[in-house]
Amino acid sequence: MKSKHRREILKATGALVGTSLIPSCLFAADDRGLEGPRVGLVIGNSKYIESPLTNPKNDAAAIGKQLKLMGFDIDLLLDANLKDIGAAIQKYTTRLAKSKAIGLFYYAGHGVQLGWRNYLVPVDANLDRVDDIPKQTFELNTMLAGLNKAQNQMNIVILDACRDNPFGKKLPMEQKGLSQFDAPSASLLCYATAPGNVASDGSGSNGLFTENLLREMRNPDAKIEDVFKRVRLKVRLASKGEQIPWESTSLEEDFYFNYSRMDPGTIEKSMGGATS
């Protein structure tokens with residue numbers, strides 16, 4: 001009787017589409033955007049020899065937990081050294097090449113630019129000279145080359161890596177933050193702040209950028225571009241214009257971090273929850 005009653009409900013709702021009797025949200029989810037397996041790599045580095053940070057480890061743990069709830073198969077690295085970062089990124093790009101999944105890479109920690117190239121700084125980096133940077137850090141272009149080779153459905157790269165100069169007076173850098181680079185095909189690259197600027201480590205348990213990203217990505221009706229627009233607005237207002245997140249995109253399809261079709265059980269519950 002329960003299945004018969006459910007069929008009757010579905011027939012009734014089908015007849016009422018376009019009227020005000022059925023909430024439009026029950027049918028707005030027909031276009032779910034790009035679907036498929038979701039694979040992610042999340043790295044958070046706080047425990048540096050020079051200039052340790054408070055929140056990247058917290059940020060990465062929170063992002064990893066949230067992405068798991070949204071269907072991502074996540075590898076999480078905290079306070080990673082250079083060897084571990086290289087191995088994890090190699091594994092990540094190989095998985096994407098085999099599965100053709102939707103990929104998401106998130107990094108929180110120190111990042112530097114040198115000669116218009118961007119480098120992620122592992123916790124074991126001990127940099128005394130500028131020449132040490134390419135040897136003791138991970139060049140981001142290496143991962144981007146792997147993503148291009150993977151030819152998977154979509155890639156999202158989120159870099160909360162524009163903190164203050166990790167070397168202080170020991171090794172002053174000519175340029176702040178990360179340099180601008182273009183998104184590979186079918187990708188979105190997001191910086192926690194505009195290229196050449198630095199981001200706040202935050203005064204709470206998360207950095208300013210990630211705190212707002214965690215909040216906005218939960219919105220089931222927000223496409224990925226809308227999520228980052230809202231994050232940019234909130235961060236700009238909270239920082240009084242000192243930090244403005246920025247992204248570069250070559251996406252051609254819609255994507256939702258948190259989006260699910262309303263199933264018959266949800267429709268039935270919304271109409272009174274009859275069960276017999």
Side-chain angles (χ1 to χ4, degrees), residues 40-45 53 55-56 59-60 62-63 66-67 102-121 137-145 147-148 154-166 173-203 206-219 222-257:
L41 173 59
V42 177
I43 301 175
N45 284 346
L53 296 167
N55 283 327
D59 292 340
I63 287 289
Q66 186 62 53
L67 290 176
I102 297 165
L104 187 147
F105 175 80
Y106 171 94
Y107 174 83
H110 281 308
V112 296
Q113 61 167 302
L114 178 65
W116 301 103
R117 293 179 179 271
N118 294 308
Y119 298 88
L120 308 181
V121 183
T137 64
F138 186 88
E139 185 179 347
L140 192 60
N141 279 345
T142 302
M143 185 188 72
L144 297 180
L147 297 181
N148 277 320
M154 175 186 291
N155 286 296
I156 304 160
V157 178
I158 304 173
L159 301 172
D160 196 354
C162 311
R163 319 288 171 125
D164 291 332
N165 175 18
M173 302 297 294
E174 293 182 1
Q175 296 92 14
K176 295 181 178 180
L178 299 179
S179 67
Q180 180 177 345
F181 57 100
D182 295 327
S185 177
S187 297
L188 183 144
L189 308 180
C190 181
Y191 298 84
T193 191
N197 290 335
V198 295
S200 169
D201 195 32
S203 57
N206 293 115
L208 180 59
F209 169 79
T210 295
E211 174 187 354
N212 284 280
L213 177 59
L214 286 166
R215 182 183 303 114
E216 297 299 335
M217 70 195 305
R218 296 185 183 111
N219 186 335
K223 298 176 184 178
I224 186 170
E225 294 89 351
D226 296 328
V227 168
F228 287 111
K229 285 179 184 176
R230 294 171 183 176
V231 171
R232 177 163 43 251
L233 174 62
K234 299 291 180 59
V235 171
R236 180 179 64 80
L237 293 175
S239 68
K240 299 180 180 179
E242 292 185 3
Q243 180 178 341
I244 302 176
W246 179 93
E247 60 268 358
S248 170
T249 179
S250 60
L251 296 183
E252 296 179 349
E253 298 190 58
D254 292 335
F255 176 78
Y256 299 83
F257 284 106

Problem set entry | Spacing of CG belonging to D160 relative to OG1 belonging to T210, to within rounding of 0.5 Å | 4.0 Å
Seminar exercise, completed: Rounding to 0.5 Å, atoms CG (L140) and CG (L159) come to a distance of 5.5 Å
For this session: In plain terms, say whether R232 and E247 are close enough for a salt bridge, that is, a side-chain N and a carboxylate O under 4.0 Å apart.
Result: yes
Exercise. Does a salt bridge link E225 with K229, judged by any charged N lying under 4.0 Å from a carboxylate O?
Worked result: no
Problem set entry | Euclidean distance, M154 CE relative to F255 CZ, rounded to 0.5 Å | 6.5 Å
For this session: Compare every heavy atom of L208 with every heavy atom of A238, then report the nearest pair and how far apart it is.
Result: CB-CD1, 3.8 Å
Exercise. Any idea which heavy atoms bring A222 and Y256 closest together, and the distance?
Worked result: O-CD2, 3.4 Å
Exercise. What residue among I43, I158, L189 forms side-chain contact (heavy atoms from CB on, under 4.5 Å) with F105?
Worked result: I43
For this session: Supply the atom-to-atom distance L41 CG to L104 CG, rounded to the nearest 0.5 angstrom.
Result: 9.5 Å
Problem set entry | Test: E216 and K234 ion pair at under 4.0 Å | yes
For this session: Start with the C-alpha gap between N118 and N141, add the side-chain angles, then the distance that decides, and say whether side-chain contact (heavy atoms from CB on, under 4.5 Å) holds.
Result: CA-CA 7 Å; N118 294 308; N141 279 345; over 6 Å; no
Problem set entry | Donor-acceptor contact present, side-chain N219 to main-chain V227, <3.5 Å | no
Problem set entry | Minimum heavy-atom distance N45-L53, with the two atoms named | O-CD1, 4.2 Å
Exercise. Which atom names give the shortest non-hydrogen contact between Y106 and A60, and what distance separates them?
Worked result: CE2-CA, 3.9 Å
Seminar exercise, completed: The reported gap from CG in L188 to CG in L251 (rounded to nearest 0.5 angstrom) is 5.0 Å
Exercise. Okay, side chain of Q243, backbone of A192: is any donor-acceptor separation there less than 3.5 Å?
Worked result: yes
Problem set entry | Backbone N/O of Q113 and side chain of R117: donor-acceptor pair under 3.5 Å | no
For this session: Quick one: do F228 and T249 satisfy side-chain contact (heavy atoms from CB on, under 4.5 Å)? Show the steps, please.
Result: CA-CA 11 Å; F228 287 111; T249 179; over 6 Å; no
For this session: Report the C-alpha separation of L120 and M143 in whole Å, then their side-chain angles, then the decisive distance to 0.1 Å, and conclude whether the side-chain contact (heavy atoms from CB on, under 4.5 Å) test is met.
Result: CA-CA 11 Å; L120 308 181; M143 185 188 72; over 6 Å; no
Exercise. Ignoring hydrogens and geometry, is there a side-chain-to-backbone donor-acceptor pair from D59 to G207 under 3.5 Å?
Worked result: yes
Exercise. In Å and rounded to the nearest 0.5 Å, what is the OG1 to CD distance from T142 to E139?
Worked result: 5.0 Å
For this session: Taking all heavy atoms of F209 and all of V235, pick out the closest pair and write down the distance.
Result: CA-CG2, 4.0 Å
For this session: Any chance you could lay out the side-chain contact (heavy atoms from CB on, under 4.5 Å) test for V121 and V112, step after step, and finish with the verdict?
Result: CA-CA 7 Å; V121 183; V112 296; 4.3 Å; yes
